[in-house]
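I have placed the structure first, in the form of structure tokens, so that the comments after it can refer back to it.
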Amino acid sequence: MTRFFNTLSGKVEDFKPLRDGEVGMYTCGPTVYDYAHIGNFRAFIFEDLLRRFLETVGFRVRHVMNLTDVDDKTIAGAAREGKDLEEFTNHYTEAFRQDLRTLNILPPNHPKEQPRATLEIPAMLDLIGTLVKNKIAYEKDGSVYYRISRFPGYGKLSKKKLEENITGTRVDLDEYEKEQASDFALWKKSKEGEPAWDSPWGKGRPGWHIECSAMSMKYLGQTFDIHAGGEDLIFPHHENEIAQSEAASGKPFVRYWLHCKFLLVNGEKMAKSKNNFYTLRDLLEKGHDPMAIRYELISTHYRMPLNFTLEGLSEASEIIKKLDDCYFQCLSIFNYMRKSKTHEKIKDAKAAANRLKQLWQNMIDSLSDDLNVSKALAALFEAVTEINAAMAGKRLSQEDAETVLMFFKNVDRLFGFDIASDADIPDVIFSDLTSRNTIRQDAEFKKNRDLQQRSDRLREAIHEKGWLIKDGRPGEVSTLKRKKRAWD
Ligand code: AMP
Ligand code: ZN
């Protein structure tokens with residue numbers, strides 16, 4: 001049974017989706033006013049692990065992620081650059097999508113086009129209309145506010161108590177003090193020169209919170225399974241989403257709320273406003289491996305704060321190299337065995353398969369326990385150690401090697417580390433490598449200049465195509481090694 005910590009109940013709960021075999025999941029998307037920083041990507045990668053895990057254990061996940069392309073920050077950014085809102089946000093939307101691809105984060109899959117707030121205004125107006133009709137919302141000077149004193153459940157997610165004297169204190173800002181509970185804007189009267197849409201209350205634009213309520217319910221229904229984001233979204237954003245959605249539908253909004261803790265720098269939240277952030281682009285320019293970044297962000301449990309350091313990142317890079325080396329060594333051995341028949345001497349062919357099956361199950365069981373990623377990764381390293389030992393001791397049969405290769409493909413599907421991505425390696429590399437291995441196994445090799453020169457030429461040919469060779473000890477198969485990964 002899978003269990004997750006639900007922010008709403010404050011407990012770890014068994015996970016039972018509304019419909020058998022299906023999960024509806026909404027994750028708050030980026031505000032597209034700038035490049036996302038790696039603190040944001042901690043949240044997106046945690047959500048990606050959640051989705052990959054659910055898909056691996058057999059759920060069909062409908063994953064909605066919105067784009068916030070109208071709010072205080074996007075409007076201010078477009079004005080500053082003298083661009084219209086769409087042109088301004090398109091640039092950062094494209095950059096965000098490119099960053100998702102670089103970090104191997106699965107793109108949201110429902111609906112086909114990621115919903116953008118500016119294209120979903122009718123759904124927001126509908127929702128605001130219902131709230132006004134239910135007397136939960138009120139109009140004031142061309143804006144519409146949510147009266148939080150009319151929603152008895154206000155504060156249930158963030159565990160905030162409503163002060164008696166709060167009614168009537170209105171905030172227009174999309175983000176406001178975390179301590180302050182106030183009537184918040186659902187619809188804001190537009191100021192001169194700002195983007196604006198027609199509404200029953202005059203020209204204006206939606207508040208940030210109503211955007212997510214409208215888009216999530218439109219695409220996943222009034223009640224859905226999972227809503228996730230970073231811990232800063234608990235209040236006011238998600239608290240307000242619950243208030244809006246439940247007051248309009250009369251039904252529970254979300255069944256499981258999952259929030260990840262912050263990525264920190266020197267103990268402080270990484271944030272644009274603190275100017276202590278790295279964008280993904282900053283790190284790539286310094287030559288860091290995106291999969292090392294992914295590893296660094298994924299490998300601490302999502303409910304533990306993670307302090308980001310460049311040392312941590314270089315350790316992560318070593319781990320990715322270790323996984324890469326193990327995979328490519330096995331792939332090279334497998335290719336050689338197919339030709340050379342050396343495997344026929346190896347007995348006990350099923351041993352590796354059984355052991356890997358057991359370790360894979362450990363990984364799944366660990367993640368089922370509120371995404372216990374440290375335990376899952378420990379099982380992965382155990383597998384790598386055992387595979388390396390089997391390769392070094394020549395105990396790996398061809399069948400075992402094939403099992404190892406499959407294992408890595410599954411690991412990639414689950415963690416997205418992109419280790420077993422060998423589709424880009426031309427066949428000629430393996431035929432050259434196998435020819436070279438065959439030459440080097442020749443009993444005459446040590447004495448024969450001609451054989452040695454042929455071996456060197458083959459190594460050069462492989463090198464020129466961007467791959468390295470790691471020569472084994474005498475009698476061992478030489479193996480392929482990545483010189484560089486695809487982003488270089
Ligand atoms: P935004 O674009 O500001 O709406 O944020 C996008 C996502 O990043 C949200 O889920 C935030 O909660 C999350 N986030 C922002 N800063 C951090 C951080 N330092 N650590 C983890 N998540 C963060
Ligand atoms: Zn949201």
Side-chain angles (χ1 to χ4, degrees), residues 7 25-50 64-74 76-77 89 92-93 95-97 99-100 103 105 108 114-117 120 124 127 157-158 173-175 178 184 206-220 224 226-245 253-254 257-280 293 296-298 300-308:
T7 311
M25 170 162 117
Y26 186 90
T27 59
C28 289
T31 308
V32 278
Y33 74 109
D34 204 343
Y35 300 108
H37 58 69
I38 57 163
N40 301 131
F41 285 114
R42 178 178 199 201
F44 297 125
I45 285 179
F46 139 67
E47 294 156 356
D48 189 50
L49 177 64
L50 177 60
V64 182
M65 187 203 279
N66 70 301
L67 292 164
T68 297
D69 63 349
V70 54
D71 80 327
D72 298 344
K73 291 189 261 189
T74 47
T89 56
Y92 292 109
T93 300
F96 176 70
R97 290 188 175 147
D99 288 354
L100 290 188
L103 286 172
I105 296 173
Q114 216 174 336
R116 304 170 156 249
E120 304 285 351
M124 297 169 204
L127 192 53
L157 184 72
S158 57
L173 303 175
D174 287 327
E175 281 180 295
K178 304 266 173 262
F184 57 91
W208 174 38
H209 315 302
I210 201 75
E211 296 182 6
C212 281
S213 277
M215 288 187 268
S216 59
M217 293 200 289
K218 174 169 170 187
Y219 293 106
L220 293 172
F224 59 90
I226 297 181
H227 197 318
E231 60 175 321
D232 54 343
L233 298 187
I234 297 173
F235 185 86
H237 187 51
H238 289 162
E239 193 70 65
N240 290 355
E241 278 189 49
I242 294 177
Q244 295 163 153
S245 302
F253 174 43
V254 168
W257 287 92
L258 274 72
H259 294 98
C260 75
K261 289 273 192 291
F262 289 140
L263 184 69
L264 308 175
V265 183
N266 296 326
E268 265 202 300
K269 176 190 177 189
M270 179 177 286
K272 287 265 153 62
S273 58
K274 298 207 167 88
N275 211 16
N276 63 353
F277 62 92
Y278 288 105
T279 63
L280 177 61
I293 301 169
E296 179 63 3
L297 296 178
I298 219 172
T300 297
H301 189 259
Y302 75 97
R303 287 196 293 118
M304 302 270 283
L306 165 58
N307 205 39
F308 180 78

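As the structure lists them, so they are numbered: ligands from 1, and atoms in each ligand from 1.
- Counting heavy atoms from C-beta on, the side chains of Pro30 and Phe44 come closer than 4.5 Å.
- Assignment of Lys272 to the shell around ligand 1 is not supported, since no heavy atom sits closer than 4.0 Å.
- Within the model, atoms NE2 of His237 and CD1 of Ile242 stand 11.0 Å from one another, a figure rounded to the nearest 0.5 Å.
- Checking only distances, Phe44 never comes within under 3.5 Å of ligand 1, N or O to N or O.
- Per-residue contacts place Ala43 under 4.0 angstrom from the following atoms of ligand 1 (heavy atoms of the residue considered): 8 (O), 10 (O), 13 (C), 22 (N).
- Summary of contacts: the protein heavy atom closest to atom 22 (N) of ligand 1 is Gly39 O, 3.0 Å.
- Considering backbone and side-chain N/O atoms, Cys28 never comes within less than 3.5 Å of an N/O atom of ligand 1.
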Before you tell me yes or no, could you show the steps for Phe253 and Phe224 under ring pair (Phe, Tyr, Trp, His ring centres under 6.0 Å), namely the whole-Å CA-CA distance, both residues' side-chain angles and the distance that decides it to 0.1 Å?
CA-CA 7 Å; Phe253 174 43; Phe224 59 90; 5.3 Å; yes
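- Atoms of ligand 1 found under 4.0 Å from any heavy atom of Pro30, numbered from 1 in the order shown, are 2 (O).
- Interface atoms of ligand 1 facing Leu233, defined by a heavy-atom separation under 4.0 Å, are 9 (C), 10 (O), 12 (O).
- Between Pro115 and Tyr219, the closest side-chain pair of non-hydrogen atoms falls below 4.5 Å.
- Note: an N/O pair closer than 3.5 Å links Thr31 and ligand 1 by distance alone.
- Using a cut-off of 2.8 Å, one finds that His237 contributes an N/O/S atom close to the Zn ion (ligand 2).
- Those atoms of ligand 1 with a heavy atom of Leu263 less than 4.0 angstrom away are 18 (C), 19 (N), 20 (N), 21 (C).
- Residue Asp232 has at least one heavy-atom neighbour below 4.0 Å for each of these atoms of ligand 1: 11 (C), 12 (O), 15 (C).
- By the 30° and 60° cut-offs, the orientation of the rings of His238 relative to Trp257 is tilted.
- Residues Thr300 and Arg42 have side chains in contact (heavy-atom distance under 4.5 Å, counting atoms from C-beta outward).
- Checking only distances, Asn40 does come within under 3.5 Å of ligand 1, N or O to N or O.
- Among the atoms of Cys28, an N, O or S atom falls under 2.8 Å of the Zn ion (ligand 2).
- Heavy-atom contacts of Met270 reach the following atoms of ligand 1: 16 (N), 18 (C), 19 (N) (cutoff under 4.0 Å).
- Tyr302 does not carry Lys261 over the face of its six-membered ring by the limits of under 6.0 Å from the centre and within 45° of the normal.
- Put simply, the side chain of Asp174 gets close to the backbone of Asp72: a donor and an acceptor are under 3.5 Å apart.
- Contact annotation: the side chain of Phe41 approaches that of Asp99 to within less than 4.5 Å [non-hydrogen atoms, C-beta and beyond].
- Near Lys269, with a cut-off below 4.0 Å to any heavy atom, the atoms of ligand 1 are 16 (N), 19 (N).
- Less than 4.0 angstrom separates some heavy atom of Gly230 from each of these atoms of ligand 1: 10 (O), 12 (O).
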Under the side chain to side chain donor-acceptor pair (under 3.5 Å) rule, what do Thr68 and Asn66 come out as? Steps first, then yes or no, please.
CA-CA 6 Å; Thr68 297; Asn66 70 301; 3.1 Å; yes
